[in-house]
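Report on the following structure.
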Amino acid sequence: MEIAALLVALVKEGVHDEEQLVKRACQRWEAAKSAASLTASNDTINAGDA
């Protein structure tokens, strides 16, 4: 579901080439995973401060 939403967002942004859709979707997916991982790490660190 999340990947479909990502692809729809990219198409709405004007990306219509299949290769570009795949490339940009992968980039955004990896960036989102990294951000989520960083947030989880910060939450763990902050929980230790409490």
Side-chain angles (χ1 to χ4, degrees):
M1 187 75 107
E2 291 176 38
I3 293 172
L6 176 56
L7 290 171
V8 169
L10 287 167
V11 169
K12 286 182 178 181
E13 290 176 16
V15 181
H16 299 287
D17 178 68
E18 182 180 351
E19 276 187 45
Q20 284 298 312
L21 281 170
V22 171
K23 180 180 176 182
R24 292 185 187 192
C26 287
Q27 289 171 340
R28 288 196 185 178
W29 189 259
E30 288 301 317
K33 281 184 7 183
S34 294
S37 176
L38 181 59
T39 300
S41 294
N42 287 341
D43 289 347
T44 301
I45 291 168
N46 292 335
D49 293 340

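Here, residue 1 is the first one in the sequence, and each next residue gets the next number.
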* Cluster overlap Ile3 with Leu10, hydrophobic side-chain contacts below 4.5 Å -> yes
* **In one Ile/Leu/Val/Met/Phe/Trp/Tyr side-chain cluster, 4.5 Å: Leu6, Val11** => yes
* **Over 12 non-hydrogen atoms of neighbours within 6.0 angstrom of CD in Glu19** => no
* **Leu21 reachable from Trp29 in the ILVMFWY side-chain graph, under 4.5 Å edges** => yes
* Asked: Taking NZ, NE, NH1 and NH2 as the nitrogens, is one of them in Arg28 or Glu13 under 4.0 Å from a carboxylate oxygen of the other?
  -> yes
* Asked: Short question: side chain of Ser34, backbone of Glu30 - any donor-acceptor pair under 3.5 Å?
  -> yes
* To the nearest 0.5 Å, tell me how far Leu7 CG sits from Glu18 CD. => 10.0 Å
